[in-house]
Amino acid sequence: MALRLAPHEKAAGPEFSMKKTIVLLPGDGIGPEVTRAAAAVLRECAHEFSHQFEMHEFPIGGAAIDATGTPLPAETLDACRKADAVFLGAVGGAKWDSLPVGKRPESGLLELRKGMGLYVNVRPVKVLEPLRGISPLKPERLGDLDIEIVRELAGGMYFGERGSATEKGEERAWDTESYSTREIERIATFAFSRAESRSRRLCSVDKANVLSSSQLWRRTVTAMSTVYRYVKLEHMYVDNAAMQLTLKPAQFDVILSSNMFGDILSDAAAALVGSIGLVPSASFGSAAPLFEPIHGSAPQLVGKDAANPIGSILSATMMLRDAFGLSLEAEWVEQSLLRVLGGGYRTPDIAEPGQRAIGGSVFTELLREEMLRSLEHAERYGWGV
């Protein structure tokens, strides 16, 4: 797809300039590496389109534990609440695995979501045409994969009552899955609206044949469907949904799920496009939206320049489009990315046999060069080429 502007628009100029504050949370493992890639892309967009993106870095996760003794310092949360958007790299690692659940790096992420009122997570899973061959599915099964998983982010088992006890010499632990009607309605409202803007198909995933919380989930979503009459609603048990994602993923458009089910399904869906390093995400709520790749901290890759920056870069384009309304800038990055991939450049996780893999930093620099090349071409010959 070529970049196109309406006849009255320009590529850049002071009348289109925008000033935004972005908080960067590099975190742990490969988080700092992929955050640098996203920041480089955002800075290029700001420079070439006359925007002002003020970026400020704060600690979170294991890095924050080492520096301050807590996975989410008050200063970090305060900065995030005041920002226009937040970018997160990754949290966690074996170094902190021995800490209690509430003190580990991941608890900082959960507290950040809670503190910022983030209750929606959107994970797009879309096959990138130059990478169609790395999908583990046959082409006829993969189809034109382009789905969004809308995951509830502030409730369910991850935030429910938990504990452990020893009874008659045997240890027992529990985590509680709990949802209220209000929590379900607000995430379903987002999912229905998202479906309305796409192909008007929504699949709500639950386990209503076993779980009381899922029965409430299904009743509530069904009742809401009367308001969204133009959206075709389907219900599916989570085990069947996992199977259908493997058998025929293109049957889905927007998938709505609880916190835990969405966590599992979105990681499984990432495998369909060939690598978890390719998948971005965005979280929305009552404060600034947060954007992050879904791949995790991958400590085994630290220092090897082997991390795939694509999920991070696509998270940055989600920020441009969904947080700032900068669709042209987002498309500029995405089309440049497709051309780099079309040129055969690959990071180790997506390299096919016989292809030479390059480091994540090299890939990012090639993308930056392609962005500048395409911008120069567009300014010389027009954006519709």
S.K.: Are any side-chain N or O atoms of Ser180 and backbone N or O atoms of Glu183, one a donor and one an acceptor, separated by less than 3.5 Å?
M.R.: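 Answer holds: yes.
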S.K.: For a side-chain hydrogen bond (donor to acceptor under 3.5 Å, both in side chains) with Thr317, tell me which candidate from Glu331, Glu334, Glu329 qualifies.
M.R.: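 Single pass found, and it is Glu334.
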S.K.: Please say yes or no: joined through hydrophobic side-chain contacts below 4.5 Å, possibly via intermediate residues, are Ile350 and Val279 part of one cluster?
M.R.: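 Yes.
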S.K.: I need the minimum non-hydrogen distance between Glu177 and Met157, along with the two atoms involved.
M.R.: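 Smallest heavy-atom distance, with atoms named: OE1-N, 2.7 Å.
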S.K.: Quick one: does any side-chain atom of Arg151 pair with a main-chain N or O of Asn259 as donor and acceptor, under 3.5 Å?
M.R.: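 Between the backbone of Asn259 and the side chain of Arg151 there is a qualifying donor-acceptor contact (under 3.5 Å).
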S.K.: Between Ile264 and Met260, is there a side-chain heavy-atom distance shorter than 4.5 Å?
M.R.: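 Result yes, sub-4.5 Å side-chain heavy-atom pair found.
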S.K.: Within 45° of the six-membered ring axis of Tyr237 and under 6.0 Å from that ring's centre, is NZ or CZ of Lys207 located there?
M.R.: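 Output yes; distance and angle both within limits.
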S.K.: Measure up the Phe192 and Tyr228 rings against each other and bin them: parallel (under 30°), tilted (30 to 60°), perpendicular (over 60°).
M.R.: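 If you compare the ring of Phe192 with that of Tyr228, the planes turn out parallel.
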S.K.: For the backbone of Leu153 and the side chain of Asn121, can you confirm whether one donor and one acceptor N or O come within less than 3.5 Å of each other?
M.R.: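 No, the answer is negative, given that no donor and acceptor are paired below the 3.5 Å cut-off.
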S.K.: Counting C-beta onward and ignoring hydrogens, is there a side-chain heavy-atom pair between Lys82 and Thr21 closer than 4.5 Å?
M.R.: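 Not touching, per the 4.5 Å side-chain cut-off.
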S.K.: I'd like a table of donor-acceptor pairs (distance under 3.5 Å, sequence neighbours excluded) in which one partner is a side-chain atom from residues 110-119, with atom names and distances.
M.R.:
none

S.K.: Could you tell me whether Glu370 and Arg373 have a side-chain N and a carboxylate O separated by less than 4.0 Å?
M.R.: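 Salt bridge present between Glu370 and Arg373.
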S.K.: Tell me whether Lys20 is salt-bridged to Glu54, with the criterion being a basic N under 4.0 Å from an acidic carboxylate O.
M.R.: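 The answer is no: the pair does not qualify as a salt bridge.
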S.K.: Less than 3.5 Å apart, which donor and acceptor atoms pair up between the side chains of residues 86-107 and the rest of the protein, not counting sequence neighbours?
M.R.:
{"unit_1": "Lys95", "atom_1": "NZ", "unit_2": "Asp66", "atom_2": "OD2", "d": "2.7"}
{"unit_1": "Trp96", "atom_1": "NE1", "unit_2": "Asp66", "atom_2": "OD1", "d": "3.2"}
{"unit_1": "Asp97", "atom_1": "OD1", "unit_2": "Arg104", "atom_2": "NH2", "d": "3.1"}
{"unit_1": "Ser107", "atom_1": "OG", "unit_2": "Gly102", "atom_2": "O", "d": "3.0"}
{"unit_1": "Ser107", "atom_1": "OG", "unit_2": "Arg104", "atom_2": "O", "d": "2.5"}

S.K.: Does the side chain of Ser258 come under 3.5 Å of the side chain of Trp217 through a donor N or O and an acceptor N or O?
M.R.: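 No pair is found: no donor N or O on one side chain lies under 3.5 Å from an acceptor on the other.
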S.K.: Give a yes or no on whether the backbone of Gly262 and the side-chain of Ser257 come within a donor-acceptor separation of less than 3.5 Å.
M.R.: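 Confirmed, Ser257 side chain pairs with Gly262 backbone.
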S.K.: Could you check whether Arg201 pairs with Glu234 (Lys NZ or Arg NE/NH1/NH2 to Asp/Glu carboxylate O, under 4.0 Å)?
M.R.: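 Looking at Glu234 together with Arg201, the answer is no, because their closest N to O distance does not fall below 4.0 Å.
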S.K.: Any donor and acceptor pair, going by atom type alone, linking the side chain of His56 with main-chain N or O of Val23 inside 3.5 Å?
M.R.: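 Such a contact is absent between His56 side chain and Val23 backbone.
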S.K.: Going by distance alone, is a donor N or O of one side chain under 3.5 Å from an acceptor N or O of the other, for His295 and Ser275?
M.R.: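 No, Ser275 and His295 have no side-chain donor paired with an acceptor closer than 3.5 Å.
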S.K.: Does either side chain, that of Gln355 or that of Tyr345, offer a donor lying less than 3.5 Å from an acceptor on the other one?
M.R.: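 Checked: Gln355/Tyr345 side chains show no N/O donor-acceptor pair below 3.5 Å.
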S.K.: Is Gln215 reaching over with its side chain to a backbone N or O of Ala208, donor-acceptor style, under 3.5 angstrom?
M.R.: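 Side chain of Gln215 to backbone of Ala208, a donor-acceptor pair under 3.5 Å: yes, one is there.
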S.K.: Is it true that, when you exclude Glu170 itself, more than 12 heavy atoms of the residues, nucleotides or ligands shown sit nearer than 6.0 Å to its CD?
M.R.: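 At most 12 heavy atoms, drawn from other residues, nucleotides or ligands, come within 6.0 Å of this atom.
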S.K.: Could you check whether any side-chain N or O of Asp305 sits under 3.5 Å from a backbone N or O of Ser361, counting only pairs where one atom can act as donor and the other as acceptor?
M.R.: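 A pair under 3.5 Å: yes.
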